[in-house]
Amino acid sequence: MTIRWGLVGVGDIANKRVAAAIQSDPNSELVAVCRRSEPQLDQFADQFGVPRRFTNADDLIASPNLDAVYIATPVDCHCPQTIAAARAGKHVLVEKPMALNPAECDRMISACDQAGVSLGVAYYRRFYPVVLRIQQLIEAKQLGRILSIGCVTGNPNRFPADDWRVIRTRGGGGPLMDIGSHRLDVFLQLLGDVATVKASVIDSPDYEAEQAATLLVQFKSGAHGILQCYFGTVETPDRLEIIGTEGRITVEDLNHGDLMLSTSEGQQLESHPPADNLHAPLISDFSAAVLEHRSPTISGPVGKRTNDLIRLAYEDAQ
Ligand SMILES: NC(=O)C1=CN([C@@H]2O[C@H](COP(=O)(O)OP(=O)(O)OC[C@H]3O[C@@H](n4cnc5c(N)ncnc54)[C@H](OP(=O)(O)O)[C@@H]3O)[C@@H](O)[C@H]2O)C=CC1
Ligand SMILES: O=C1CO[C@H](CO)[C@@H](O)[C@@H]1O
């Protein structure tokens with residue numbers, strides 16, 4: 001059996017990676033696409049050879065011969081479109097961050113549970129070979145007791161004030177929601193759950209959302225996590241550092257996957273590059289999970305935990 005996908009929101013990320021990832025997965029087929037602008041919809045559908053096209057998400061969601069919906073719209077659309085898809089009996093894989101806030105995440109999870117459909121969230125860094133390697137090194141106690149994890153990330157874009165990413169009611173926040181969310185999810189994967197979150201933000205002079213956010217989280221293990229995220233700075237690589245009592249791991253750019261392990265025995269450079277299409281392992285996992293009747297690796301509750309931490313951060317920063 002093949003999972004027949006409908007892709008709602010064929011903008012930047014759908015064009016860069018999602019459509020190609022669905023089309024390259026042996027268990028998947030891209031059969032329908034949707035956006036409101038008809039000329040751009042046709043251009044996308046022609047480019048990827050997709051037969052069914054819709055300018056209204058509800059029409060795609062209600063259409064027959066469709067098994068799953070990939071939601072790649074702005075964040076304020078994620079909750080209503082997920083609930084509509086679940087009610088129509090379709091499995092849902094939704095882009096990150098999962099929703100505007102934890103209450104929306106709860107509604108999405110319960111709609112999918114009630115309908116008996118799968119819900120996944122696109123935190124694809126969980127599949128990065130370098131992240132899995134770090135997880136293995138931590139579990140094998142190669143770093144001793146973990147004291148801290150730190151990540152610095154920035155998007156150089158200077159978003160105009162009318163971009164959904166910097167309007168709170170549309171994106172949910174600024175760089176913390178947009179790019180910090182990915183890194184918080186990696187923190188949770190590597191060091192487990194968080195007990196407390198402290199945060200400070202710097203307002204943007206140009207738009208409603210914050211321009212910078214710095215978080216200090218304390219994991220239940222006692223370790224610290226420090227996350228710095230920015231919009232509108234010079235290109236900031238996706239830098240990760242983990243410090244333990246017996247060793248340290250430094251990754252200059254998670255998207256490239258070179259890892260430096262430093263211990264008392266010296267330094268060791270390892271290379272664990274990600275898949276060419278970063279979304280490909282995510283789609284493969286989700287479609288296999290549906291076919292095997294198991295939960296996807298990045299389930300609704302997993303995705304929601306990042307929204308919980310972001311909410312705590314914004315509350316503390318206020
Ligand atoms: N995982 C990752 O690495 C990345 C994830 N993302 C996430 O993906 C999502 C989309 O981001 P991105 O592609 O950059 O955003 P874009 O603004 O480029 O694209 C959004 C798309 O959604 C469509 N859209 C908006 N509203 C609706 C609606 N009500 N019904 C149907 N279609 C709609 C828009 O077209 P139209 O206006 O014509 O309807 C557009 O095609 C976000 O959640 C973002 O955080 C983004 C980039 C990378
Ligand atoms: O990783 C990413 C690349 O940048 C985009 C724009 O800021 C983000 O939305 C996305 O999550």
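Just so you know, ligand 1 is whichever comes first in the structure, and atom 1 is the first atom listed for that ligand.
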To the nearest 0.1 Å, how far is [atom] from its closest protein heavy atom, and which atom is that?
| atom | value |
| --- | --- |
| atom 11 (O) of ligand 2 | K96 NZ, 2.7 Å |
| atom 17 (O) of ligand 1 | W164 NE1, 2.9 Å |
| atom 3 (C) of ligand 2 | I179 CG2, 4.7 Å |
| atom 34 (C) of ligand 1 | R35 NH2, 4.2 Å |
| atom 4 (O) of ligand 2 | N155 ND2, 3.9 Å |
| atom 9 (O) of ligand 2 | D178 OD1, 2.6 Å |
| atom 3 (O) of ligand 1 | Y124 OH, 2.6 Å |
| atom 27 (C) of ligand 1 | R36 NE, 3.5 Å |
| atom 8 (O) of ligand 1 | E95 CG, 3.1 Å |
| atom 19 (O) of ligand 1 | G11 CA, 3.4 Å |
| atom 33 (C) of ligand 1 | T73 CG2, 3.6 Å |
| atom 30 (N) of ligand 1 | Q81 NE2, 3.4 Å |

Worksheet entry | Between E241 and T250, a side-chain donor and acceptor under 3.5 Å |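 Judged by distance alone, the side chains do pair up.
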Fill in: Side-chain donor-acceptor contact under 3.5 Å, Y124 with R17
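Indeed, the side chains of Y124 and R17 share at least one donor-acceptor pair under 3.5 Å.
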Worksheet item: CZ of F187 to CD1 of I242: how many Å apart, nearest 0.5 Å?
Response: 8.5 Å
Worksheet item: How far does CG of L147 sit from CZ of R248, to the nearest 0.5 angstrom?
Response: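 Result: 12.5 Å between the selected atoms.
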Item to complete: Answer side chain, backbone, both or neither: which part of A72 comes under 4.0 Å from ligand 1, heavy atoms only.
Response: backbone
Relative to the heavy atoms of [X], which atoms of ligand 1 are at a distance of less than 4.0 Å?
| X | result |
| --- | --- |
| S37 | 38 (O) |
| D178 | 45 (O) |
| H78 | 43 (O) |

Discussion item. Could you check whether any side-chain N or O of D285 sits under 3.5 Å from a backbone N or O of T297, counting only pairs where one atom can act as donor and the other as acceptor?
Written reply: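 Side chain of D285 to backbone of T297, a donor-acceptor pair under 3.5 Å: yes, one is there.
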Applying the side chain to side chain contact (heavy atoms under 4.5 Å, CB included) test to [X], which of [options] qualifies?
| X | options | answer |
| --- | --- | --- |
| V290 | D67, L93, N27, I3 | I3 |
| F48 | N15, I22, V10, V33 | N15 |
| L227 | V217, L216, L176 | L176 |

Discussion item. Show, in sequence, the C-alpha distance, side-chain angles and deciding distance for T214 and Q228, and conclude whether the side chain to side chain donor-acceptor pair (under 3.5 Å) test is met.
Written reply: CA-CA 4 Å; T214 301; Q228 294 162 264; 5.2 Å; no
Worksheet entry | ILVMFWY cluster membership beyond I179 - transitive side-chain contacts under 4.5 angstrom |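 The other cluster members (ILVMFWY side chains, heavy atoms under 4.5 Å, direct or chained) are F159, V166, Y207, F231.
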Practice prompt. Check ligand 2 against H182 and write out every atom of the ligand that is under 4.0 Å from a heavy-atom position of the residue.
Written response: 1 (O), 11 (O)
Worksheet item: For ligand 2, which atoms have a heavy atom of R165 less than 4.0 angstrom away?
Response: 5 (C), 6 (C), 7 (O), 8 (C), 9 (O)
Item to complete: For Q40 and ligand 1, answer yes if some heavy atom of the residue is under 4.0 Å from a ligand atom, otherwise no.
Response: no
Discussion item. So for R165, does at least one of its heavy atoms come nearer than 4.0 angstrom to any atom of ligand 1?
Written reply: yes
Discussion item. Within the supplied structure, the quantity of interest is the number of heavy atoms (other residues, nucleotides, ligands) at a distance under 6.0 Å from E315 CD; does it exceed 12?
Written reply: yes
